[in-house]
Number of protein chains: 2
Amino acid sequence: MSQMKSEHIPKATIGRLAVYIQVLENLLRDGNDVISSEKLARACSVNSSQIRKDLAYFGEFGVRGVGYYVQELITSIKQSLGIDRIWKCALIGVGNMGAALLRHHDFEKRGFHIAAAFDCDPDKIGREFESLEIVCPTHLKEQAPEMGLEIGIITTPPDRAQRAANHLVDANIRGIINFAPARINVPAHIPVEYVDFFDHLYAIAFQITLGND
Amino acid sequence: MSQMKSEHIPKATIGRLAVYIQVLENLLRDGNDVISSEKLARACSVNSSQIRKDLAYFGEFGVRGVGYYVQELITSIKQSLGIDRIWKCALIGVGNMGAALLRHHDFEKRGFHIAAAFDCDPDKIGREFESLEIVCPTHLKEQAPEMGLEIGIITTPPDRAQRAANHLVDANIRGIINFAPARINVPAHIPVEYVDFFDHLYAIAFQITLGND
DNA sequence: TCAATCATGTGAAATATTTAACAAGGGGAG
DNA sequence: CTCCCCTTGTTAAATATTTCACATGATTGA
């Protein structure tokens with residue numbers, strides 16, 4: 001059980017926890033059982049206090065004078081993030097991006113099971129893709145509770161994103177990942193994350209350009 | 001020419017500029033010619049001062065008493081970010097993710113042209129994918145300058161990411177996007193961005209879990 | 001032309017995050 | 001058992017970012 005202190009947790013901390021997991025899993029694969037915040041910090045390119053502080057939001061996972069047991073720490077971080085279980089997801093929009101995500105089997109590996117796929121294109125409805133029958137989004141409201149769908153993944157064109165969001169909200173989904181390049185409006189209690197990897201390309205372009213002025 | 005003040009620019013600002021572009025382009029499509037920071041702020045779910053301050057790093061793009069001319073602002077932001085031109089990219093690792101990116105034609109639309117694809121798998125070398133011949137990464141060093149490749153995209157398995165990075169560095173690439181779930185080491189003058197959309201899934205899982213404690 | 005209005009750009013105040021510094025505590029050698 | 005070493009967890013200081021508040025300048029209408 002994670003010994004959670006209920007302080008406000010910076011969003012940046014959550015992002016770094018994801019990095020720590022990644023690095024810790026690679027360390028484990030290489031046979032490291034124990035690691036100090038100092039060494040982990042170097043591997044993640046962050047400050048070691050940062051790591052200790054990030055972890056302190058959730059509990060005390062280390063042993064003074066020793067460091068952190070890698071496997072244990074991975075487990076603790078996953079518990080803290082709430083990814084020590086399977087999350088069932090509904091995907092809306094089986095276009096390029098949607099199809100790519102359905103094929104991308106890492107979802108399962110990482111604990112996110114895409115259990116249903118929706119699309120409003122009549123040509124697609126009824127067809128099977130990656131052993132999932134494509135269903136009309138109007139059925140979301142009835143299927144979501146039946147199937148226990150909790151997270152919605154929007155992969156529609158931008159002008160359909162809001163409609164997809166409405167369907168998800170209506171179906172009582174608890175959180176949304178939006179891959180469509182458009183902002184959406186949903187009730188405040190439903191968290192939304194926007195994914196657009198062009199952000200990162202822009203960041204690189206900017207940094208390169210900056211260096212050369 | 002962007003009237004750039006050389007102050008340090010927060011990374012978060014770059015991320016928001018990408019959001020502004022997205023929202024502005026949708027506004028333009030809907031026939032809005034002019035917009036105030038206040039209205040844009042609401043559409044982006046940020047504070048209006050934030051927008052004015054973000055833009056102020058790069059120049060003065062608005063008209064007092066009026067607001068911003070949407071098309072002009074888009075152009076100015078793109079200039080500021082250095083994305084008012086085509087960037088040529090080299091992709092390494094034609095697996096699931098790499099193939100998906102090669103098929104994803106938005107790259108071209110957004111000004112990032114994947115001009116060459118590399119993979120060290122002998123079965124893949126020589127084959128054509130999306131009208132690109134897959135080449136052995138050892139040829140990067142000779143092809144990069146010839147073709148003017150500037151940005152490297154790593155889509156290898158995690159244990160191959162560092163080797164891919166080394167090839168890119170050796171070929172004098174100027175920036176790297178790493179989709180592989182592993183940290184890489186490169187000289188400090190080469191910017192690296194890590195892309196992993198599971199970060200966002202973790203963030204959603206965390207926020208949902210938090211709400212229910 | 002002048003006043004009234006409006007929204008920008010910006011310096012100063014309020015927050016938030018990161019880093020540094022160290023006290024607290026576990027482990028091992030003698 | 002005690003002392004010494006090592007690394008954590010945490011408080012306090014330093015930085016960075018965001019928000020507020022308003023002076024500045026452009027536009028419009030009388």
Side-chain angles (χ1 to χ4, degrees), chain A residues 2-20 24 27 32-77 80 203 206, chain B residues 2-20 23-24 27 32-74 76-77 80 203 206:
Chain A
S2 65
Q3 179 54 42
M4 167 79 128
K5 305 178 187 176
S6 48
E7 240 175 295
H8 169 254
I9 293 161
K11 191 144 203 188
T13 290
I14 304 303
R16 280 190 300 266
L17 290 178
V19 173
Y20 304 158
L24 288 166
L27 281 167
N32 299 277
D33 290 338
V34 184
I35 193 159
S36 67
S37 60
E38 192 57 43
K39 288 212 188 91
L40 180 57
R42 263 195 294 276
C44 300
S45 308
V46 300
N47 182 294
S48 67
S49 304
Q50 181 86 84
I51 292 186
R52 295 198 298 277
K53 172 142 285 203
D54 284 339
L55 297 176
Y57 286 116
F58 298 95
E60 306 192 1
F61 305 130
V63 181
R64 292 173 194 226
V66 177
Y68 300 90
Y69 292 101
V70 178
Q71 179 58 72
E72 234 175 66
L73 184 54
I74 292 172
T75 303
S76 299
I77 295 177
S80 303
F206 172 65
Chain B
S2 64
Q3 180 52 43
M4 166 80 128
K5 304 179 188 175
S6 47
E7 241 176 296
H8 169 254
I9 293 160
K11 191 142 203 189
T13 290
I14 304 302
R16 281 190 300 266
L17 290 178
V19 174
Y20 304 157
V23 171
L24 288 166
L27 282 168
N32 299 278
D33 290 339
V34 183
I35 192 158
S36 67
S37 60
E38 192 56 44
K39 288 212 188 92
L40 180 57
R42 262 195 295 275
C44 300
S45 308
V46 300
N47 182 292
S48 66
S49 304
Q50 181 86 84
I51 291 187
R52 296 199 296 278
K53 178 140 285 197
D54 283 340
L55 296 176
Y57 285 116
F58 298 96
E60 306 192 1
F61 305 131
V63 181
R64 290 172 193 223
V66 177
Y68 301 90
Y69 294 100
V70 178
Q71 178 58 72
E72 234 176 66
L73 185 53
I74 292 172
S76 299
I77 295 177
S80 302
F206 172 65

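Values in this document were obtained by computation on a predicted structure and should not be read as measured data. A, B, ... follow the sequence lines: proteins, then strands. Residue 1 opens every chain.
- As rounded to whole Å, 14 Å separates atom P of D:dT10 from atom CZ of A:F58.
- In terms of heavy atoms, A:V70 sits closest to A:N32 at CG2-O, 3.4 Å.
- A:Y68 has a side-chain polar atom (N or O) that falls below the 4.0 Å cut-off from OP1 or OP2 of D:dG9.
- Atom CG in B:N47 sits about 13 Å away from atom C1' in C:dA14, given to the nearest Å.
- When each of A:V63 and B:K39 is assigned the nucleotide of DNA chain C with its nearest heavy atom, B:K39 is the one assigned upstream, toward the 5' end.
- The base of C:dA7 is not paired with the side chain of B:S37 by any donor and acceptor separated by under 3.5 Å.
- A:Y57 places a side-chain heavy atom less than 4.5 Å from the side chain of A:P10.
- The closest side-chain heavy-atom distance from A:I77 to A:L24 is below 4.5 Å.
- Applying the 3.5 Å distance criterion, the base of D:dT8 shares no donor-acceptor pair with the side chain of A:R52.
- Here C:dA24 is the nucleotide among D:dT17, D:dT24, C:dA24 with the atom lying nearest to any side-chain atom of A:R64.
- Considering all non-hydrogen atoms of both residues, B:S80 and A:F206 come closest at O-CD1, 3.7 Å.
- Look at CG on A:D54: it is 17 Å from P on C:dA16, rounded to the nearest Å.
- Across the interface with DNA chain D, nearest-nucleotide mapping of A:K53 and A:V66 shows A:V66 to be the residue nearer the 5′ end.
- With rounding to whole Å, B:Y57 atom OH is found 12 Å from C:dT10 atom P.
- Side-chain contact between B:L55 and B:L17: present, with at least one pair of heavy atoms (C-beta onward) separated by less than 4.5 Å.
- Counting to the nearest Å, the P atom of C:dT18 and the CD1 atom of A:I14 are 12 Å from each other.
- Distance from the side chain of B:P10 is smallest to D:dT17 among C:dT18, D:dT17, D:dT10.
- Positionally, the nearest nucleotide of DNA chain C for A:R16 lies more toward the 5' end than for the other of A:G65 and A:R16.
- The NE2 atom of B:H8 sits 17 Å away from the P atom of C:dT17 (whole-angstrom rounding).
- Note: CG (A:L55) to P (D:dT8) measures 10 Å, nearest angstrom.
- At the heavy-atom level, A:S36 lies under 4.0 Å from the strands shown only through sugar-phosphate atoms.
- Protein atom CD of B:E38 is 12 Å distant from nucleotide atom P of D:dT19, rounded to whole Å.
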